[in-house]
Amino acid sequence: MPELPEVETVMRGLKQRVLGRRLAAVEVLNPLVIAGPADDFAAGLSNRSVAGLRRKGKTLAIELEGRNGQPSCYLLLRLGMTGQVILTPQELPLQPHTHVRIFLEPGSEEIRYRDVRRFGRLRCCTSQELETIWDRLGPDAPEISEAQFFEATRHRYGSVKSWLLNQQMLAGLGNIYADEALFEARIHPLTQPARLSAASARRLHRAVKNVLKRAVNRQGTTFRDYLDIEGRPGNFSVRLKVYQRTGQPCRRCGRPIRRLVIGGRSTHFCPHCQPRPRRVAVPRSSKRVARKPQY
DNA sequence: GCAAGCCTGACC
DNA sequence: GGTCAGGCTTGC
């Protein structure tokens with residue numbers, strides 16, 4: 001699942017391999033993964049050179065030079081759950097679920113977008129549209145200051161787990177790193193953000209940055225689908241302490257890791273190392289059930 | 001049946 | 001406006 005470290009790894013790969021090259025032609029095999037009309041998408045990108053690469057949260061932007069006096073534009077990529085960006089020689093056979101091909105010049109390589117579950121989206125946008133889209137996201141997780149982080153937890157009464165996944169608070173975390181950061185900070189996932197002390201918030205802020213930094217250094221996590229642009233898996237998987245380790249011994253205390261569903265997301269934590277606070281976030285539906293008269 | 005990011009719509 | 005459930009999707 002491409003979260004910030006995986007997207008960062010893809011971006012670094014593209015920076016090395018496609019910066020300065022021209023998108024000679026764009027072929028959309030499945031318009032479902034394109035936001036807006038596929039024809040406009042292909043026409044908008046074709047015959048432009050890659051001028052730069054940017055990332056905010058899990059979103060990747062490929063900056064394309066202006067052509068014929070037009071301003072520059074961006075190819076915006078959101079990989080969703082199973083999206084892959086692959087740099088490959090054009091002659092290699094297409095793998096199933098390949099939805100977009102972008103032919104590069106000079107050379108005989110292409111960028112392929114492959115996405116089994118098709119939750120990802122590609123779009124062509126102006127720099128103004130890019131800003132609008134990115135303004136809807138909170139600060140990029142590695143950039144957020146401790147003060148900003150703490151401030152964002154105030155008056156938030158859902159679970160800290162859902163809060164970490166909310167891209168408007170903080171951009172870049174998905175299910176893997178949210179669980180890992182909470183474990184590292186020793187915070188129970190059902191804790192209400194508003195009830196985090198300054199000290200707990202500081203631990204969480206540091207844990208988020210730490211986990212992301214370590215994962216970036218190891219080229220991300222491959223749990224099932226993620227591969228970088230050269231088809232290599234990430235190496236952080238072996239470092240995971242709680243994610244998908246239900247029933248296995250906690251690496252800190254040896255007690256079994258437990259699984260909870262929070263906000264519809266499976267959540268992995270150690271009940272001993274992440275003790276339940278006196279008061280936890282309770283979803284509305286459960287509240288409603290609890291309010292029913294008990295016979 | 002479960003995995004998951006993100007969007008939509010419902011509820012308070 | 002905050003929060004959450006549901007739906008999308010396919011392979012294991």
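All chains are named by letter (A, B, ...) in the order of the sequence lines, taking the proteins before the strands, and each is independently numbered beginning at 1. Because only heavy atoms are used, hydrogens play no part in the values below, and waters and symmetry mates are left out as well, while side chains stay in.
- In this structure, Tyr226(A) places its OH atom 15 Å from P of dG5(B), rounding to the nearest Å.
- Tyr74(A) meets the ring pair (Phe, Tyr, Trp, His ring centres under 6.0 Å) test with no other residue; sequence neighbours excluded.
- Qualifying ring pair (Phe, Tyr, Trp, His ring centres under 6.0 Å) partners for Phe103(A), counting only residues two or more places apart in sequence or in other chains: none.
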Give the table of side-chain donor-acceptor pairs shorter than 3.5 Å for residues 253-261 of chain A, with sequence neighbours excluded, one pair per line with atom names and distance.
residue: Arg255(A); atom: NH1; partner: His272(A); partner atom: ND1; Å: 3.1
residue: Arg255(A); atom: NH1; partner: His272(A); partner atom: NE2; Å: 3.4

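- Rounded to whole Å, the distance from CG on Asn166(A) to C1' on dC6(B) is 11 Å.
- Summarising the geometry, the separation between CG on Asp179(A) and P on dG5(B) is reported as 10 Å, rounded to the nearest angstrom.
- Separating the CD atom of Gln167(A) from the P atom of dT3(C) is a distance of 15 Å, rounded to the nearest angstrom.
- Counting heavy atoms of neighbouring residues, nucleotides and ligands inside a 6.0 Å radius, atom CD of Gln128(A) does not exceed 12 of them.
- Taking atom CD on Gln84(A) and atom P on dG11(C), their separation rounds to 13 Å, with Å as the unit.
- Look at CZ on Arg259(A): it is 14 Å from P on dG1(B), rounded to the nearest Å.
- Taking every heavy atom of residues 147-161 of chain A and every atom of DNA chain C, pairs under 4.0 Å involve Arg156(A), Tyr157(A), Gly158(A), by number.
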Please tabulate, for side-chain N and O atoms in residues 16-26 of chain A, each donor-acceptor pair with protein atoms closer than 3.5 Å (sequence neighbours left out).
residue: Arg17(A); atom: NH1; partner: Glu230(A); partner atom: OE1; Å: 2.8
residue: Arg17(A); atom: NH1; partner: Glu230(A); partner atom: OE2; Å: 2.8
residue: Arg17(A); atom: NH2; partner: Glu109(A); partner atom: OE2; Å: 3.0
residue: Arg21(A); atom: NE; partner: Pro106(A); partner atom: O; Å: 3.4
residue: Arg21(A); atom: NH1; partner: Arg17(A); partner atom: O; Å: 3.1
residue: Arg21(A); atom: NH1; partner: Glu109(A); partner atom: OE1; Å: 2.9
residue: Arg21(A); atom: NH2; partner: Pro106(A); partner atom: O; Å: 3.0
residue: Arg21(A); atom: NH2; partner: Glu109(A); partner atom: OE1; Å: 3.3
residue: Arg22(A); atom: NH1; partner: Asn47(A); partner atom: OD1; Å: 2.4
residue: Arg22(A); atom: NH2; partner: Glu105(A); partner atom: OE1; Å: 2.2

Find every protein N or O atom lying less than 3.5 Å from an N or O atom of nucleotides 6-9 of chain C, and list the pairs.
none

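- Judged by the 6.0 Å distance and 45° axis criteria, Arg252(A) is positioned over the aromatic ring of Phe183(A).
- Separating the CZ atom of Arg123(A) from the C1' atom of dC7(B) is a distance of 14 Å, rounded to the nearest angstrom.
- A search for salt bridge (Lys or Arg N to Asp or Glu O under 4.0 Å) contacts involving Arg12(A) returns Glu8(A), not counting sequence neighbours.
- With sequence neighbours excluded, the residues satisfying salt bridge (Lys or Arg N to Asp or Glu O under 4.0 Å) with Arg54(A) are Glu131(A).
- Across all strands shown, Arg136(A) has no heavy atoms under 4.0 Å from either base or sugar-phosphate atoms.
- Residue contacts shown for Thr82(A) are absent, as no nucleic acid heavy atom lies under 4.0 Å away.
- Residue pairs meeting the salt bridge (Lys or Arg N to Asp or Glu O under 4.0 Å) criterion with at least one partner in residues 27-43 of chain A, sequence neighbours excluded, are Glu27(A)-Arg101(A).
- Between the NZ atom of Lys58(A) and the P atom of dC7(B) there is a distance of 11 Å, given to the nearest Å.
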